[in-house]
Structure formats: C-alpha cells, structure tokens
2 protein chains.
Amino acid sequence: MSIRNPKQALYEQFAIVAKALGHPLRLEMIEQLAQGARSVEALAAKLGQPIANISQHLQALRRAGIVAAERDGKFVRYSLADESVLSAFASVRAVAERRLAEVDRIVRGYFEARDQMRPVSRDELQVLMRDGLVTVIDVRPPDEFALGHVPGAINVPLGEIEAWSQNADAGREVVAYCRGPWCVMSFEAVAALRSLGHSARRLEDGMPEWKAAGLPVEMAA
Amino acid sequence: MSIRNPKQALYEQFAIVAKALGHPLRLEMIEQLAQGARSVEALAAKLGQPIANISQHLQALRRAGIVAAERDGKFVRYSLADESVLSAFASVRAVAERRLAEVDRIVRGYFEARDQMRPVSRDELQVLMRDGLVTVIDVRPPDEFALGHVPGAINVPLGEIEAWSQNADAGREVVAYCRGPWCVMSFEAVAALRSLGHSARRLEDGMPEWKAAGLPVEMAA
DNA sequence: TCGTCATTCAATTATTCTGTTGAATGACGA
DNA sequence: TCGTCATTCAACAGAATAATTGAATGACGA
C-alpha cells in the first residue's frame, strides 16, 4: 500500500473523483450547482442541511476537482468545475438507470411527488415560447420526434448538436428536452451547448409528460 | 435520514454506482473486465490479490449493476454489465484528468517521458494498415489477445519484444497497443523497440475503445 | 451419489467516512 | 480599527468500509 506504482497512483486519483460522487447529498449538491453558482448558505437552505455539513462536503468535492470556489464579497460562491462533471454525473446515472431495477420503481413514485428544482418548467417554457425568447430543441432520435413533439421544436439528435450549433444564433437561449426527467440526452445536449458557448437549459421533464399534461403535440408532416 | 422521499432514494441509487467506482482496485478490475469476461480466480491472479477479496469487490460491483455474473462450468465468469459502464469510467477519468494537478504530474513524469512522439489515432491506424505501411503488435498477454484483437495484429507480449524485434524488418514502423490509454505495456513496448533501433509508436488508446468504436475485432483461430 | 474445487459467506480488526458541535478564521462595512 | 457574519476548522461519536482468515456452498464430473 505504501509503495505505489504510477498505475496504482492514477487509479487512486480516479477513485477520489468517483468516491466524491458516491454520496447522495453530494450528488444533490452537484445537481443544484449545475443550475448555477451557489453560496454555502444557499445550498444548505436548499437541501435542509446544517451549514457545516454542506461546507465539509463541498471541501470533499473541491479536493476531487469537481467544484470550484470563488469569493464574492462576504460569500464564497461554489460552482461546477467544468462541463465534464455534468457528463460524469449523467453517465453514473445512466448506469444506475439501466441496471438497477429499483430505480424504475422509485422514478414512478417520483412523478407523483415531484418537487421544484428543474431548470425550466412546462409553464415557464410556454411563456418563453409565446414571447419568442428561446429556441426549443428535441434531442431524441428522429423516429421519436416524428411521433410527436413540442410545437415549434427543432429535432437535433445528440450527434448533430455541434454541427447545428454552428449555424445557430449563439446569443439566443436554447431549451433542450428529451424523453423525461431522467433521460440523459438533454443533460448531454446542454453540456455540449454550454461548452460551445451557447446558453442552454433543460426542460424539467420530457415528451411523455408534456403530452400527459394535455399540451399541444405536433406530428411530423 | 430514515424518512426518505423518492428523490433522495433515487440519489442513493446513483450514489451506490458512484461508490462502487470509488476504489482503485475496483477500477482496475473494471479495466480488466473491459478486456473480456474473467473468472474470479483469473482476476485475482492478474491483480495479485486474495481471491476472497476480489470476490467481495465483485459482489459490490454486481450490486451496483456494473458487472454481470454468468456460470460457465466450474467457473463464474464476470463481465461488464453494458457499454454504459465504460463511458462512466471514461467520464470519471475525464474529470480527474482535467482537474487534478497531481494526475498531470504523474502522467507527465511517467508516461509522456517515455513517449515523446505523437500517438496514433484509431482513424490514422486504419489508414496506415489499409496501405500496408505499418506492423501492428498487440502487447497484451496471449489470453487477452485470444479474446479479441485488431485484425491483422500480431501478439507480442512484453517479454517477447526483444526476441521478436530481431526477426522483424527494422525499417518498418511498428504500432503497439494494449488495454487502453492508461495501460503501461504499450509505452514500454515502444520504449524497448526504440532502444533496439526500431521505429515505433503507440496507439492512442487500446482494445476496449477499439471495440466500443464499432471497429472490426478478430478472434483467435 | 460423492468428491472436488471455484466461489461465496461469516466474523474479525483496522481504517475511513459522516454528521454534529462549538470555536476559529477572515473579508467586508462602518 | 473593530464588529459582523459567512465560512471553515477541530474534535468527537457512531456507522460504514476494507482486507484477512477460515469455513460453507454448490455445481460439475466421475
């Protein structure tokens, strides 16, 4: 244990990152920080935890290079270190979603007792679209898009995000959605768009919920 | 803590996956399993660990849905549960690479010092092979080679590099690959070949990435 | 049916992690 | 310079995890 070859040392570094992701509260903190920078106090209030506890978890995340700290007046504002954190979060979730039968069960229960913390709600999106303030993209594969999508949305499958973004107005905000709140594709789309300099957010949930809410659905021509 | 809403329960499931990735030995096991299915005994031998220890870590990985078990005669063969595991591994690594200063130091100090030449990308290698310009050697042990290798590659385990090079055309460039971007064997192979007067480079990554990219894989006869 | 043997379980100890408390730090505004 | 207040540190108890040992399982082959 004391004598480590470089290979083992590397694995230890990787393990530090994964271990930092290995706690429910820290994951929740990461999702909060994905919405924007937060002070320790704000995070603590949001998550209903003692401030000192949040502070310590933030230290752990910082040691792993997952979050960055920046002083802003009296506050220290924490934010995600970079976009790669979001994709790591998304792929951990992808493993959990595909493999843990229990997740399905929990997710179903979750739809009934949802709380408020998704970036853009359906109602909010309707207002934004009515006022022409955002571009809405549907990142699902074309066949799913053809079966019904948010009126006015553009179909931009994940693989085409980068090409599409080059012709898009970089100053206009993009709202991405896919299959639902636990679908990774819209996370990845947002991460990709942000790293390309665009302003992007996720829709709170996805197509099935939109249709279930009785909102208009457009079919392919 | 005892009363969990569905959201927290969900984060707990995600945390189980991340926690399972949060141990150097388990990460090493995952890299091994990315090469192909392995028995407990084979893994233990490969990593120099007690069998019971490996078995317990495998249970942890299985609980997290990261590996799958399948009985094969007397042995239980473990393998990665699906492709999403590899991408989770890769994104954890990406976070570590970008953010941990120590990783940079380790990588520069150990890996890059041994390989100042640009590694060969997969696309580049395909062109070089198509045009017959290079000899490709797979420096992994024969058992891993047998489970799948780059078509046309020759299996030259590390210990046989010197003997093999004496019968090889010294004017022909060699491309070596092994288990992946962090596998040391191809670095050492390239270093050995260069010191023997050959022209040698590494493939940028290794076998699991080649297979994951959907490129053809050849099995042993 | 029985022995073999790869694998798993159970129990132990050492280590690490978690959450709480209260005190210390240190930047800002007066 | 000093008080205020967001944040961090230090220290503790309780819980979880890791590695080791030896015994128990249970599927295969004879």
Side-chain angles (χ1 to χ4, degrees), chain A residues 1-4 8 11-30 32-33 37-64 66-79, chain B residues 1-4 8-9 11-30 32-33 37-64 66-79 143:
Chain A
M1 197 57 185
S2 54
I3 301 177
R4 304 174 320 192
Q8 287 173 326
Y11 280 117
E12 259 167 50
Q13 297 304 315
F14 300 159
I16 287 172
V17 173
K19 208 178 296 185
L21 295 175
H23 191 285
L25 185 54
R26 286 196 290 264
L27 290 175
E28 213 170 339
M29 291 165 64
I30 288 172
Q32 275 295 323
L33 293 177
R38 294 271 187 283
S39 67
V40 180
E41 187 183 34
L43 264 181
K46 205 78 161 169
L47 304 182
Q49 289 284 322
I51 290 182
N53 193 13
I54 294 292
S55 175
Q56 290 194 148
H57 283 296
L58 281 170
Q59 299 312 311
L61 289 173
R62 201 170 58 159
R63 276 193 297 276
I66 289 174
V67 305
E70 183 191 15
R71 186 163 272 274
D72 176 24
K74 284 190 162 181
F75 299 83
V76 175
R77 298 171 69 74
Y78 281 89
S79 53
Chain B
M1 199 55 187
S2 54
I3 301 175
R4 303 175 321 190
Q8 287 174 326
Y11 280 116
E12 260 167 50
Q13 297 304 314
F14 300 159
I16 287 172
V17 173
K19 209 178 296 187
L21 295 175
H23 192 285
L25 185 52
R26 286 196 291 263
L27 289 175
E28 212 169 340
M29 289 165 66
I30 288 172
Q32 275 295 321
L33 293 177
R38 294 271 187 283
S39 67
V40 180
E41 188 183 32
L43 262 183
K46 210 73 160 170
L47 303 182
Q49 290 284 324
I51 289 180
N53 194 13
I54 293 293
S55 175
Q56 292 195 144
H57 282 296
L58 282 169
Q59 300 311 312
L61 289 173
R62 199 169 58 159
R63 274 192 300 275
I66 289 174
V67 306
E70 183 191 16
R71 187 163 271 276
D72 175 26
K74 285 189 161 180
F75 299 82
V76 176
R77 298 169 69 73
Y78 281 90
S79 53
D143 57 320

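All chains are named by letter (A, B, ...) in the order of the sequence lines, taking the proteins before the strands, and each is independently numbered beginning at 1. Note: hydrogens, waters and symmetry copies are ignored here, and every other heavy atom, side chains too, is used. Small disclaimer: the values here were computed from a predicted structure and weren't measured.
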In whole Å, I'd like the distance from the CE atom of B/Met29 to the P atom of D/dA18.
12 Å
Test your reading of the model: is there a side-chain donor-acceptor pair from A/Arg63 to the backbone of A/Leu58, 3.5 Å cut-off?
no
Residue set satisfying salt bridge (charged side-chain N to carboxylate O under 4.0 Å, His left out) with B/Arg38, at least two apart, ordered chain then number -> B/Glu144
Distance in angstrom units between B/Leu43 CG and C/dT8 C1', rounded
15 Å
Under 4.0 Å, heavy atoms only, any strand: does A/Arg26 hit a base, just the sugar-phosphate, or nothing?
sugar-phosphate
Could you state the OH-P distance from A/Tyr78 to D/dT7, rounded to the nearest angstrom?
8 Å
Side-chain touch A/Leu21/B/Leu21, heavy atoms, less than 4.5 angstrom:
no
B/Glu70 has an atom CD; how far is it from atom P of C/dA6, in whole Å?
19 Å
What integer distance in Å separates B/Leu58:CG from C/dC9:C1'?
14 Å
Any idea which heavy atoms bring A/Ala69 and A/Val76 closest together, and the distance?
CB-CG1, 3.9 Å
Choose from D/dT17, D/dA18, D/dT8 the nucleotide whose nearest atom is closest to any side-chain atom of B/His23.
D/dA18
Please state how far atom CD1 in A/Ile51 lies from atom P in D/dC5, giving the value in whole angstrom units.
13 Å
Once Watson-Crick and G-U wobble pairs under 3.5 Å are found, how is DNA chain C written in dot-bracket notation, 5' to 3', with | for any base paired to another strand?
||||||||||||||||||||||||||||||
Of all the nucleotides listed (C/dG19, C/dT7, D/dT8), which has the minimum atom distance to the side chain of B/Glu41?
C/dT7
Value rounded to 0.5 Å, distance of CG in B/Leu61 from NE2 in B/His23:
10.5 Å
Take nucleotides 20-30 of chain C nucleotide by nucleotide from the 5' end and write B, S or -, depending on whether a protein heavy atom sits under 4.0 Å from the base, only from the sugar-phosphate, or from neither.
BBB----SS--
A/Arg38 atom CZ is separated from D/dT7 atom C1', nearest whole Å, by 18 Å
Run the side-chain contact (heavy atoms from CB on, under 4.5 Å) test on B/Ile66 and B/Leu33 for me, step by step, so that the C-alpha distance in whole Å, both residues' side-chain angles and the decisive distance to 0.1 Å come before the verdict.
CA-CA 11 Å; B/Ile66 289 174; B/Leu33 293 177; over 6 Å; no
Picking from C/dG19, D/dT7, C/dT7, the nucleotide nearest the side-chain atoms of A/Val76 would be D/dT7
Just to verify, what does A/Gln59 make a side-chain hydrogen bond (donor to acceptor under 3.5 Å, both in side chains) with, not counting sequence neighbours?
A/Arg62, A/Tyr78
Among C/dT7, D/dT17, D/dT7, the one nearest any side-chain atom of B/Val40 is C/dT7
Check this one for me: any side-chain N or O of B/Ser55 less than 4.0 Å away from OP1 or OP2 of C/dT8?
yes
Do the side chain of A/Arg77 and the main chain of A/Glu70 share a donor and acceptor less than 3.5 angstrom apart?
no
Using a 3.5 Å cut-off and no angle test, enumerate the donor-acceptor pairs between side-chain atoms of residues 49-56 of chain B and protein atoms at least two apart in sequence or in another chain.
from, atom 1, to, atom 2, distance (Å)
B/Gln49, OE1, B/Asn53, ND2, 2.9
B/Asn53, OD1, B/His57, NE2, 3.4

Taking the side chain of B/His57 as heavy atoms from C-beta outward, which of D/dA19, D/dT17, D/dA6 is closest to it?
D/dA19
Within-4.5 Å side-chain heavy-atom neighbours: B/Ile16 and B/Gln13:
yes
Please report the distance, rounded to the nearest Å, between CD1 in B/Ile54 and P in C/dA6.
16 Å
First encountered from the 5' end of DNA chain C, between A/Leu25 and B/Gln59:
B/Gln59
